[in-house]
K.L.:
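My questions will all concern the structure given below.
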Amino acid sequence: MNKPYVRPLSKTSWFLTQPRYKRYMLREVTCLFIFAYTFLLIWGLKRLSEGPDAFQGFLNALHSPWSVLFNLAVLIAAVYHSTTWFNVTPQAMPIQRGEEFVPGNIIIGAHYAVWAVVSLIILIIGIRGM
Amino acid sequence: MEIIKTDIAIVGAGGAGLRAAIALAEADPKLRIALISKVYPMRSHTCAAEGGAAGVIKSDDSMALHFGDTVGGGDWLSDQDAVEYFIHEAPKELTQLEHWGCPWSREPDGSVAVRPFGGMKIKRTWFAADKSGFHILHTLFQTSLKYPSIQRFDEYYATDLLVEDGHCQGLTALEIRSGQMKQFQARAVIIAGGGGGRMFPFTTNGAVKTGDGMALAYRAGVPLKDMEFVQYHPTGLPNNGILLTEGCRGEGGVLFNKDGRRYLQDYGMGPETPIGQPVLKTMELGPRDRVSQAFWHEQKKGNTVSTPWGDCVLLDMRHLGEKKIDERLPLVRDLCISYLGKDPVKEPIPIRPVVHYMMGGIHTNIKAATPLPGLFAAGECACVSINGANRLGSNSLTELLVFGKRAALSAIEHVQSGLSASKDAALTGQAQASETRIGTLMKKSAGTETIAGLRKEMMETMETNVGIYRTGSELATACDKISELRQRYAHIALHDKTHVYNTDLMQALELGSMLDCAEAVTVGARDRKESRGAHQRLDFTERDDVNLLKHTLAYYHPTEPPRLDYLDVVITQSQPGVRDYSGAKK
Amino acid sequence: MAKSNKPIFWGLFAAGGTVTAFVTPALALVTLIAAMRYSPDMFTYDAIHVFAAHWLGKLVIFGIILLSLWHAAHRTRVTVHDFGVRADSLVAIVVYALAGIGTLLTLVYLLRI
Amino acid sequence: MSERQIQLEVLRYNPETDSEPRYQTYSVPCMNEWVVLDALNYVKDNLDPTLSYRWSCHMAVCGSCGMMINGEPKLACKAFIHEYTDQVRVEPMANFPIERDLVTSVEDFIAKLACVKPYLIPKSDQPVSAGAFQQSPAELKKFKQYTLCINCMLCYAACPQYGLVPEFLGPAAISMAHRYNQDSRDGGRDQRQEVIASDEGVWECSFVGACSEVCPKHVDPAGALQQVKVASTLDWYKEHLMPWMKK
Ligand SMILES: Cc1cc2nc3c(=O)[nH]c(=O)nc-3n(C[C@H](O)[C@H](O)[C@H](O)COP(=O)(O)OP(=O)(O)OC[C@H]3O[C@@H](n4cnc5c(N)ncnc54)[C@H](O)[C@@H]3O)c2cc1C
Ligand code: SF4
Ligand code: F3S
Ligand code: FES
């Protein structure tokens, strides 16, 4: 007599059903950009190891509208990844001082501060001659 | 009908039922235990208890003080031998719970913290913030998962006891999921079905508290004891009856009337204590019956504040400060904000008395045994009685543990006494009668009465006539009305004819239980011509120790009002005296 | 039930997630500027070579690339699953192989600098 | 206290008469301060006694009344009418089989909860007569949040991974294991790890975080699960890379 009804859940489009799932999927797909971008870095490394001319060739190759688009996409994805990542660190790694837990905002804030410093260093090393 | 054979069946998986089940499993791993509950155990209403559980652990406290507070709080209607047993077991049980993981609030040195409650001479209430019952229930439920011998029957509604050869040998229950009746054959049965506050419209009690456990025993011939004693809790949210724990006042909250006067000083609970310095057993820390009664007088005098939800007084906790409120009373704050839109950190909260607890219940002795051999009872559905005419706040949660365990031990004793089980056929015959009863009820469709309609009339009757103060004529009206409703119950119509999760049927059965219990309340109250504890009569304003230092026993009759009988109270050390809640005298 | 071996990959994923969160946006900004050729002499082979030639620089580059790869690889595995592809073992082999090859190449190139 | 007519669209399913669920709309006069549960009770008492759903406490502690309200997992007793427009859609909790109307199956969750050993496995045996264990307020605070779970299962209704992989132990059960692991009195972590560090355990979680967003008691199961992952990962590295280090 019991006949529990199981509602179907689409394995391929479930994430369209709720805004929070869409945000989640957006966060997850950032990895594809990071994946591709890392291979770009490896390629750059290869060219760097082959000498100044090769490296110049790499820079020249970078200079294209598609490349601009790609790098822009990576930038956006990476920033989205960073913010979503930092915003959840207090959940994954809470810190208890005495009785109280360190408020999440402070942990997140600290990450953003370090992020700013690290970014500055990278920009300085990367863009010498400014 | 499927027959389930077990050694001991427990009806109810709230605090009392779970404690009993664990005690059984620990005592003898070979015992087969059937834990039957109409809701999943963690949905039981023990989860709603906020304030805490009383037990002597601190060095400034003593058994004698707990004894005195309990017996005095109960207006000397408590059986003192039972109270003695209770207070001695209390600390052990609460410590046991700690060993099972209950997250009791702590002192800075790591010991268990206690807070003051109304009617206590000394701080004695163990608490887990303001979710004590919740943590107790979940600790017990989770601990019970350790024992494979506890077989749970969740969402099974017990309908009738099987009584053969003079002893209780099981019960029938409806599996709510399938709508099938099941026969449980057991060598002993423990009822732990909780209270029945839902017979009143304005109550802190959840939907499950419909007095089923009491009615189950009552219909099988076991008397209900002291049913006329119904506790009003002084501080409920006015719009829906949600409880604000006594811990609010324990931590220092105060009560004002519309003129800003701490009116409790006018009702023998003064002198006024400075705000923020609560004095035990004084003013806001008076017992529940007195504080609720004071409200009634204030209302009559026109001193209450009128709100869209009726007359209220104000509970002021602002001086406690946000930090303390968040640490000690986080649930209270959340409830006030969510359900009333008022933040106790910022403004006083309007409150009024609300039906909360039934002191009465299934008549048991100090061993949790009912007069029917093989049947035991514990928890709010039982009346031992330690609570007398007015339960001391925070004694109930402890009672669940102490007498839950006691019922288990007594049941084992009974099982070991070697009474032989009756023939299957006899029991099955009874079980079939029960099945027929339910089947007939379910088929009723021609009836003129509705479940919701009868329930509403019952609630209105109880509210108007069986409140904080009662009179002979009101009670007589109530008796007539309830017995009329019981007659009309025979003509209800059920609309749901299907079997799976038929909540229409559930509600019909619950209404039946409530009507039976309500009649025991009204008839008991009508015939108790005195004022004691929670039973206050305007036509008999004094306590009558000469004639009525007695328990009321109500015996069921299927069509007539119950027959009443009386039983002497057991007095061991404390003769009835004056209940003193004025801080001036020590 | 047995304990899972996912921690190997998850450890790398989590460490990588943190590293990429800190460095990738800035790196991408650098390459974006390069792609737009904001100023031709902003990226000098010398400056970058000096950094990459130092053992500490090598270590940093290796760390960043390794962790980024494994972070991305693991998350890709999960994401492919989220998109409804139910061939987890195959997907795992592919993505981890990619990350493995990337790691190896990085090692080789770095040693050549 | 104003009154408002609400169109309550309820998913109905009776296994004995329906082959699949359907919507039924009730027009309910609601007080503005009501919760959705009050509206359902109004329907039950006045319009349609055959509607089935679970509830008890009406104060968000018993965990009975979880359902989807306008697509969001909510406790019906804590979903305030004034937060909704005149059209409210009520469905049974997602990701669970529907038994009838708004009633879903609980068995799977209970089995999962039971298998993580959600009880104290004491570090040291101490008889009750020796008194309570010591525990500082800080030690209590460390796990307190995770004790607040009312087993309402809303987190399961919100978690897509549970929807996709029903074997997943899920947020509340693992949080409860974490609660005991974090308790200073407990020594049972190794036993629980066998279950929660398995593939069907914490590793099905991809930190969607929906569980914590919907949790009515702010248990933050998502946080608990990530902490379990971190700890399990450290375990693994210790065990495999530093076998000489005894745990
Ligand atoms: C809001 C509130 C706050 C409270 N605060 C405190 C406090 O701070 N301190 C204190 O000491 N006390 C307090 N109390 C009182 C105390 O909580 C209750 O008296 C106590 O929890 C009752 O527990 P129980 O085990 O007897 O019943 P319950 O927890 O109500 O359990 C009853 C069980 O019986 C089952 N049942 C009922 N009928 C049937 C049936 N027909 N078939 C099968 N099963 C059935 C139910 O499913 C349930 O499992 C409070 C009460 C309320 C309402
Ligand atoms: S974790 Fe939160 S949402 Fe999940 S069952 Fe517990 S209380 Fe409900
Ligand atoms: S939503 Fe599910 S995937 Fe993890 S973080 Fe919560 S359990
Ligand atoms: S009715 Fe108890 S949680 Fe809603």
Side-chain angles (χ1 to χ4, degrees), chain B residues 39-40 42-45 47-48 57 92 94-96 98-101 103-112 128-129 131 134-135 138-139 142-143 145-146 154 177 206-208 239-240 242-243 308-309 331 335 338-339 341 450-452 455-456 494-496 498-504 507, chain D residues 1 14-17 33 35 38 44-46 48-64 78 80 99-101 103 105-107 110 113-114 117-120 122 126 128-137 139-140 143-144 147-151 176 180 183 185-186:
Chain B
V39 292
Y40 280 88
M42 61 282 186
R43 317 294 186 219
S44 303
H45 206 58
C47 73
I57 39 158
K92 293 184 218 162
L94 296 176
T95 306
Q96 174 65 77
E98 196 274 341
H99 282 213
W100 283 333
W104 296 118
S105 292
R106 301 282 173 162
E107 305 283 7
D109 69 357
S111 63
V112 173
K131 302 186 180 77
F134 167 79
H135 288 302
H138 281 253
T139 301
Q142 292 171 6
T143 301
L145 297 172
K146 261 201 298 210
D154 296 330
R177 178 168 183 268
V208 293
N239 50 345
N240 49 27
I242 289 178
L243 176 80
W309 314 284
L331 178 67
L335 293 171
S338 304
Y339 291 100
T450 65
I451 296 169
R455 193 171 50 210
K456 190 154 174 257
L494 262 68
H495 295 268
D496 191 342
T498 60
H499 298 84
V500 177
Y501 285 98
N502 184 337
T503 46
D504 200 23
Q507 291 199 343
Chain D
M1 279 204 302
N14 187 327
E16 286 160 83
T17 54
E33 58 179 43
V35 289
D38 294 318
K44 180 89 180 161
D45 285 354
N46 301 289
D48 186 351
T50 67
L51 179 66
S52 281
Y53 50 96
R54 295 187 179 104
W55 73 285
S56 175
C57 69
H58 199 290
M59 56 187 278
V61 313
C62 77
S64 311
K78 221 183 171 181
F80 295 91
E99 292 281 357
R100 155 134 191 210
D101 297 343
V103 177
S105 312
V106 182
E107 285 309 311
I110 298 278
L113 183 66
K117 305 196 184 218
Y119 39 78
L120 199 80
Q126 179 174 318
V128 167
S129 55
F133 293 112
Q134 294 291 109
Q135 183 167 66
S136 70
E139 288 169 326
L140 173 64
F143 68 93
K144 187 66 198 271
T147 65
L148 300 180
C149 172
I150 60 173
N151 295 354
M176 198 49 77
Y180 283 101
D183 190 320
R185 298 165 291 183
D186 185 87

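Reminder, nothing fancy here: chain letters follow the sequence lines and each chain counts from 1.
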K.L.:
For a 4.5 angstrom cut-off between non-hydrogen side-chain atoms, does D:P118 reach B:L145?
P.N.:
yes

K.L.:
D:Y53 versus chain B, heavy atoms under 4.5 Å apart: side chain, backbone, both or neither?
P.N.:
backbone

K.L.:
If you compare all heavy atoms of B:Q507 against all heavy atoms of D:D45, which two are closest, and at what distance to 0.1 Å?
P.N.:
OE1-OD1, 4.4 Å

K.L.:
Is chain D contacted by the side chain of B:V112, its backbone, both, or neither, given a heavy-atom distance below 4.5 Å?
P.N.:
side chain

K.L.:
Sort out for me which of D:K144, D:E139, D:K117 touches chain B most, counting heavy-atom pairs under 4.5 Å.
P.N.:
D:K144

K.L.:
So which residue, D:G131, D:S129, D:A60, D:P122, ends up with the most heavy-atom pairs under 4.5 Å with chain B?
P.N.:
D:G131

K.L.:
Pick one of side chain, backbone, both or neither for D:P15, based on which atoms fall under 4.5 Å of a heavy atom in chain B.
P.N.:
side chain

K.L.:
Please round to the nearest 0.5 Å and tell me the distance separating atom CG of D:L120 and atom CD of B:Q142.
P.N.:
10.5 Å

K.L.:
So for D:V103, is it side chain, backbone, both, or neither that comes closer than 4.5 Å to the heavy atoms of chain B?
P.N.:
side chain

K.L.:
Distance alone, cut at 3.5 Å: any donor-acceptor contact between the side chains of D:K44 and B:T503?
P.N.:
yes

K.L.:
With a 4.5 Å heavy-atom cut-off, do D:R54 and B:Y501 have their side chains touching?
P.N.:
yes

K.L.:
Say whether, by atom type as modelled, one donor and one acceptor occur between the side chain of D:E16 and the main chain of B:V500 under 3.5 angstrom.
P.N.:
yes

K.L.:
Compare every heavy atom of D:S56 with every heavy atom of B:R43, then report the nearest pair and how far apart it is.
P.N.:
O-OG, 4.2 Å

K.L.:
Could I get the full list of ring-ring contact (aromatic ring centres under 6.0 Å, His included) partners for B:H499, not counting sequence neighbours?
P.N.:
none

K.L.:
Could you have a look at D:K78, D:H58, D:M176 and say which one has the most heavy-atom pairs with chain B under 4.5 angstrom?
P.N.:
D:K78

K.L.:
Could you look at B:K146 and say if it's the side chain, the backbone, both or neither that has a heavy atom under 4.5 Å from chain D?
P.N.:
both

K.L.:
Report the distance from atom CG of B:L243 to atom SG of D:C57, rounding to the nearest 0.5 Å.
P.N.:
12.5 Å

K.L.:
Which residue out of B:A128, B:S44, B:A452 racks up the most heavy-atom pairs below 4.5 Å with chain D?
P.N.:
B:A452

K.L.:
Which bit of D:E107 comes within less than 4.5 Å of chain B, counting heavy atoms only: side chain, backbone, both or neither?
P.N.:
both

K.L.:
Measure B:F134 against the heavy atoms of chain D and call it side chain, backbone, both or neither at under 4.5 Å.
P.N.:
side chain

K.L.:
Under the 3.5 angstrom rule, does the side chain of B:H135 hit a backbone N or O of D:L148 as a donor-acceptor pair?
P.N.:
no

K.L.:
Apply side-chain contact (heavy atoms from CB on, under 4.5 Å) to the pair B:M42 and D:I110, showing each step before the final yes or no.
P.N.:
CA-CA 11 Å; B:M42 61 282 186; D:I110 298 278; 3.4 Å; yes

K.L.:
Are any non-hydrogen side-chain atoms of B:Y339 and D:E33 less than 4.5 angstrom apart?
P.N.:
no

K.L.:
I'd like to check B:W100 versus D:R185 (side-chain heavy atoms, cut-off strictly below 4.5 Å). Are they in contact?
P.N.:
no

K.L.:
Looking at D:D38, D:V61, D:V35, which makes the most heavy-atom pairs under 4.5 Å with chain B?
P.N.:
D:V61

K.L.:
For B:H138, which atoms come within 4.5 Å of any heavy atom of chain D: side chain, backbone, both, or neither?
P.N.:
side chain

K.L.:
Quick one: side chain to side chain donor-acceptor pair (under 3.5 Å) partners of B:Q96, sequence neighbours excluded?
P.N.:
none

K.L.:
Report the distance from atom CG of B:N240 to atom CE of D:M59, rounding to the nearest 0.5 Å.
P.N.:
9.5 Å

K.L.:
Can you name the closest pair of heavy atoms from B:G101 and D:D183 and give their distance?
P.N.:
O-OD2, 4.3 Å

K.L.:
Top residue by heavy-atom pair count (under 4.5 Å) with chain B, among D:S136, D:A114, D:S64?
P.N.:
D:S64

K.L.:
Compare all side-chain heavy atoms of D:V128 with those of B:E98 and state whether any distance is below 4.5 angstrom.
P.N.:
no

K.L.:
Quick check on the interface: out of B:A129, B:P103, B:G341, who has the most heavy-atom pairs with chain D under 4.5 Å?
P.N.:
B:P103

K.L.:
Just how far is it from atom CZ of B:R106 to atom CG of D:L140, taken to the nearest 0.5 Å?
P.N.:
7.0 Å

K.L.:
Looking at every heavy atom in both D:A132 and B:H99, which two are closest together, and how far apart are they?
P.N.:
CA-NE2, 4.0 Å

K.L.:
For the candidates B:S111, B:S105, B:S338, which exhibits the highest count of non-hydrogen atom pairs separated by less than 4.5 Å from chain D?
P.N.:
B:S338

K.L.:
Looking at D:N14, D:T50, D:T17, which hits side chain to side chain donor-acceptor pair (under 3.5 Å) with B:T498?
P.N.:
D:N14

